[in-house]
J.: 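Below is the structure I would like to discuss, written out as C-alpha cells.
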Amino acid sequence: MVELDLEIRQDTLFVRLEGELDLGVADFLRNTLEGSLNKNPVRHLVLNLSRVSYIDSSCLGVILGRYKRLAREGGRVSLVGLQPHVRRICELSGLLRIMGEYTTEEEAVAKAG
Amino acid sequence: MVELDLEIRQDTLFVRLEGELDLGVADFLRNTLEGSLNKNPVRHLVLNLSRVSYIDSSCLGVILGRYKRLAREGGRVSLVGLQPHVRRICELSGLLRIMGEYTTEEEAVAKAG
Amino acid sequence: MKVVNQLKMEFLSVPENVAFARVAVAAFASQLDFTINDLEEIKVAVSEAVANAIVHGYENSPTGIVRVTVTLMETGAEIRVEDNGKGIADVKKALEPAFSTDPERMGLGFVFIQSFMDRLHVDSSPAGGTRVTMIKTINRGAAAASQGGH
Amino acid sequence: MKVVNQLKMEFLSVPENVAFARVAVAAFASQLDFTINDLEEIKVAVSEAVANAIVHGYENSPTGIVRVTVTLMETGAEIRVEDNGKGIADVKKALEPAFSTDPERMGLGFVFIQSFMDRLHVDSSPAGGTRVTMIKTINRGAAAASQGGH
Ligand SMILES: Nc1ncnc2c1ncn2[C@@H]1O[C@H](COP(=O)(O)OP(=O)(O)O)[C@@H](O)[C@H]1O
Ligand SMILES: Nc1ncnc2c1ncn2[C@@H]1O[C@H](COP(=O)(O)OP(=O)(O)O)[C@@H](O)[C@H]1O
C-alpha cells in the first residue's frame, strides 16, 4: 500500500510517497509518474521518500526509468529524506551515483534547481 | 514474547506485564506467578496489563487459576490498565465479574486494599 | 464466490507458532477491506483455533503439523485450521460455553471464535483429526466508512 | 543441524503477496536471535525472490503457485522460494550484477540477495521451474550484544 501526493512548481514535479514501495505498487507508481510527466511539461523530478520505509528493485527500476526520460532533456531527479534502510538499498543499486540526495525538498530545490 | 516485573509491597504481589499473552508464554507466566506466590506469603495480586496488547484464553486461564488460589484464603486479584481489546476479551470471559478493574495501581490499592 | 487470493501454510505444533499464525493471517487478510477491529477479531479466532490444535489435538507434542488455509473472496475470508491430532469425541459438547476437557482451561476458545467470526464449522473424528472452518464477512458499511481515513 | 521450527507456505503469484511474504517470513524468523537489521535483510531477500517468481517465473500470470519454506535451526534460517514457472536458461548469467532479461528491470534482485544473505543457491530448469535457497546465519556476537537492549 502506498500513498502518493503530486505537486508541480515551475519546471519541477514534486512527488511525496508514503508506504512500502515494492512489486505490488510498481505498476501504479510507473503509470502515475508517466501520466503526470506526459501531461505536464516539467524538466525535473523531486521524489520525497521520507515516509517510505521499504523499497525493492522493481520500484528502483521505475525511478531509474523516469530518470532516463528526464535526463535525455537535461532534467534531474533528486531523492529527498531517505530513511536508513532505503538509503542503503539506493546506495547498493548505484542510484545515488546518478541522482542527488537531499535532506529536505528546499535543499533539493536550492542545490539542484 | 513477554516481559514481567514483580514487586511485593506488604501483603500484595504486583505484577507488571508487557507484550502479548498467549499460549506461547502461558507456561512461563503460570510458573513465575506460582513460584512467587509459593515463596512469598502475600494475600492479594495486582496485575498491571497496561502494556499488554493481546491476551488469549490460555492466559486468562492462568489468571483465573491464581484467582482461585488466592480467593480460597480471602485474597483478591485486581486488573489494572486494560487496553480496549484486552478489556473486551476479559469482559467476554467473565473475569471482570469476579475481579476488580482499575485505571492505576494506586487506585487498585486504595479501593481494593 | 470469486477467490481473489489464497494462502496455505503448515507449521509445527509448537506454542511459539500461535503468535506467528495470527500475525501472518491478519497480514494476508488485510488485503481485503477489513477494518482494524475485524483484523483484531480474526487474530483472536486464528490464535484460539491454532492453540487448540496444539494443546488438545496434539496434546502439546511439538512434532505435529498444523495447517492453516486462508481464502480471500470479495465477500470476506474463509479460514481453515486443521490438525491430524486426536480429534473431538463430541463436537456439540465441545462447542458449549465453558466446556473443556482440561480442568486447567476455561472452555472459552470456541466462545471467542463464535463471538468474533460470522460462521464456524467444526469437522472432527477421533481417527482423522480436526478441521475448524471460520468465515469473516466484510461489513460493507463499516469498510466504506473507514475509507474516509485513507 | 537441529531443526527448531519449520514453516511451509504457498500462495498465488499476485504482486500483493510480495509484501505478505516478507512480513510473514520475518515474523517467523524472529523466533531466532536475529537482530532487527538481520530481519530487515531477510525481508529484502524474500521480497526479491518472490517478486522474481511472479515476474519472471510466471510472467505476471496471477494463477501460478509460489512456495516458501522456512527452516529455523540453532545456527540460522534456511529460506527456500520455489515456482513452477518458465525456469532460467543460464543460471550463471542470471546471477551476474545488472543482468536482466527484462529491459525495464535493473538486474539487482540477485545482487541484493547475495549482499544480504550468507548463502545463495539457485536450481532451475526450463521444464521444472526455479528453486532459490538462501541461508542467513546468526551472528552470535551481534546477537549477544543486542541482548543488552532487551
Ligand atoms: N483441535 C482440537 N483437537 C481436539 N480437541 C479439541 C480441539 N479443539 C477443541 N477441542 C476440544 O474442545 C474443547 C473446547 O475447546 P475450547 O472452547 O477452545 O476450550 P479450551 O481450549 O479452553 O478447552 C476442548 O477442551 C477440547 O476437548
Ligand atoms: N524465478 C525465476 N524464474 C525465471 N527466471 C528468473 C527467476 N528469477 C530470476 N530469473 C532470471 O534472472 C534474471 C536476473 O534476476 P534479478 O537479478 O532478480 O534481476 P531482475 O529481476 O531485475 O531481472 C532475471 O532477469 C530473469 O531472467
Side-chain angles (χ1 to χ4, degrees), chain A residues 1-4 17-35 37-38 45 47 49 51-72 77 79 82-99, chain D residues 11-26 35-62 64 66 81 83 94 97-117:
Chain A
M1 285 220 299
V2 72
E3 265 188 69
L4 216 141
L17 292 148
E18 179 169 353
E20 310 207 333
L21 301 185
D22 71 6
L23 183 68
V25 304
D27 281 346
F28 171 67
L29 184 62
R30 181 186 300 105
N31 296 340
T32 309
L33 293 179
E34 279 298 283
L37 292 173
N38 288 344
L45 175 62
L47 287 170
L49 303 180
R51 293 203 280 183
V52 169
S53 55
Y54 187 88
I55 191 162
D56 79 348
S57 74
S58 305
C59 286
L60 291 176
V62 172
I63 295 177
L64 184 66
R66 288 348 96 200
Y67 170 83
K68 286 180 181 164
R69 172 182 175 154
L70 292 172
R72 242 183 275 131
V77 175
L79 303 176
L82 306 186
Q83 294 184 20
H85 177 70
V86 171
R87 182 169 201 291
R88 192 164 162 221
I89 293 286
C90 288
E91 189 158 34
L92 246 180
S93 73
L95 236 54
L96 294 189
R97 289 201 298 273
I98 57 173
M99 299 175 196
Chain D
F11 45 79
L12 290 170
S13 53
V14 298
E16 287 75 22
N17 287 343
V18 171
F20 164 73
R22 71 170 171 271
V23 169
V25 172
T35 63
I36 301 283
N37 193 50
D38 288 338
L39 294 174
E40 206 56 58
E41 296 181 341
I42 287 172
K43 275 189 182 175
V44 172
V46 170
S47 217
E48 297 291 338
V50 171
N52 277 350
I54 296 171
V55 171
H56 303 298
Y58 295 117
E59 296 173 287
N60 295 303
S61 148
V66 182
V81 177
D83 65 64
F99 175 85
S100 179
T101 45
D102 180 340
E104 284 276 295
R105 296 179 64 85
M106 296 176 72
L108 283 179
F110 283 133
V111 172
F112 287 170
I113 296 175
Q114 282 175 305
S115 318
F116 289 158
M117 302 296 272

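We name chains A, B, ... by the order of the sequence lines, and we start the count at 1 in each one. When reading the values below, keep in mind they use all heavy atoms of this one structure, side chains included, and skip hydrogens, waters and symmetry mates. Treat the numbers as computed from the prediction; the structure is a model and nothing was measured.
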J.: Can you say whether A:L64 sits under 4.5 Å from chain D via the side chain, the backbone, both, or neither, judging by heavy atoms?
T.: side chain

J.: Quick one: which residues of residues 98-110 of chain D reach chain A at under 4.5 angstrom, heavy atoms only?
T.: D:E104, D:R105, D:M106, D:L108, D:G109

J.: What residue in A:L60, A:V62, A:D27 has the most heavy-atom pairs under 4.5 Å with chain D?
T.: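 Winner by heavy-atom pair count: A:L60.
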
J.: How about CG on A:L96, more than 12 heavy atoms from neighbouring residues, nucleotides or ligands closer than 6.0 Å, or not?
T.: yes

J.: Out of D:V66, D:V55, D:I54, which residue meets the side chain to side chain contact (heavy atoms under 4.5 Å, CB included) rule with D:V18?
T.: D:I54

J.: Just verifying a value: how many Å separate A:N31 CG and A:E34 CD, rounded to the nearest 0.5 Å?
T.: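 These two atoms lie 8.5 Å from each other.
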
J.: A:V77 and side chain to side chain contact (heavy atoms under 4.5 Å, CB included): which partner among A:R69, A:K68, A:M99?
T.: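 With A:V77 as partner, side chain to side chain contact (heavy atoms under 4.5 Å, CB included) holds for just one option, A:M99.
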
J.: Counting N and O atoms only, with roles assigned by atom type, does the side chain of D:S13 sit under 3.5 Å from a partner on the main chain of D:A53, one being a donor and the other an acceptor?
T.: no

J.: What residues of residues 83-93 of chain A sit under 4.5 Å from chain D when only non-hydrogen atoms are counted?
T.: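 Near chain D, by residue number: A:H85, A:R88, A:I89, A:L92, A:S93.
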
J.: Name the region of D:N37, side chain, backbone, both or neither, that has any atom closer than 4.5 Å to a heavy atom of chain A.
T.: side chain

J.: Report the residues that fulfil side chain to side chain contact (heavy atoms under 4.5 Å, CB included) with A:L17, sequence neighbours left out, ordered by chain and then residue number.
T.: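 Once residues adjacent in sequence are excluded, the partners of A:L17 under the side chain to side chain contact (heavy atoms under 4.5 Å, CB included) criterion are A:V2, A:L4, A:V15, A:L21, A:L29, A:L47, A:L49, A:V52.
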
J.: Is there any salt bridge (charged side-chain N to carboxylate O under 4.0 Å, His left out) pair reaching into residues 51-64 of chain A, and which pairs are they, with sequence neighbours excluded?
T.: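 Residue pairs passing salt bridge (charged side-chain N to carboxylate O under 4.0 Å, His left out), neighbours aside: A:E18-A:R51.
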
J.: Are any of the side-chain heavy atoms of A:L70 and A:L37 separated by less than 4.5 Å?
T.: yes

J.: For D:A49, is there any backbone N or O sitting under 3.5 Å from a side-chain donor or acceptor partner on D:N52?
T.: no

J.: Backbone N or O of D:I113 within a donor-acceptor pair of the D:E48 side chain at under 3.5 Å?
T.: no

J.: Does some side-chain heavy atom of D:E40 sit less than 4.5 Å from a side-chain heavy atom of D:F116?
T.: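 They are not in contact (no side-chain heavy atoms under 4.5 Å apart), so the answer is no.
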
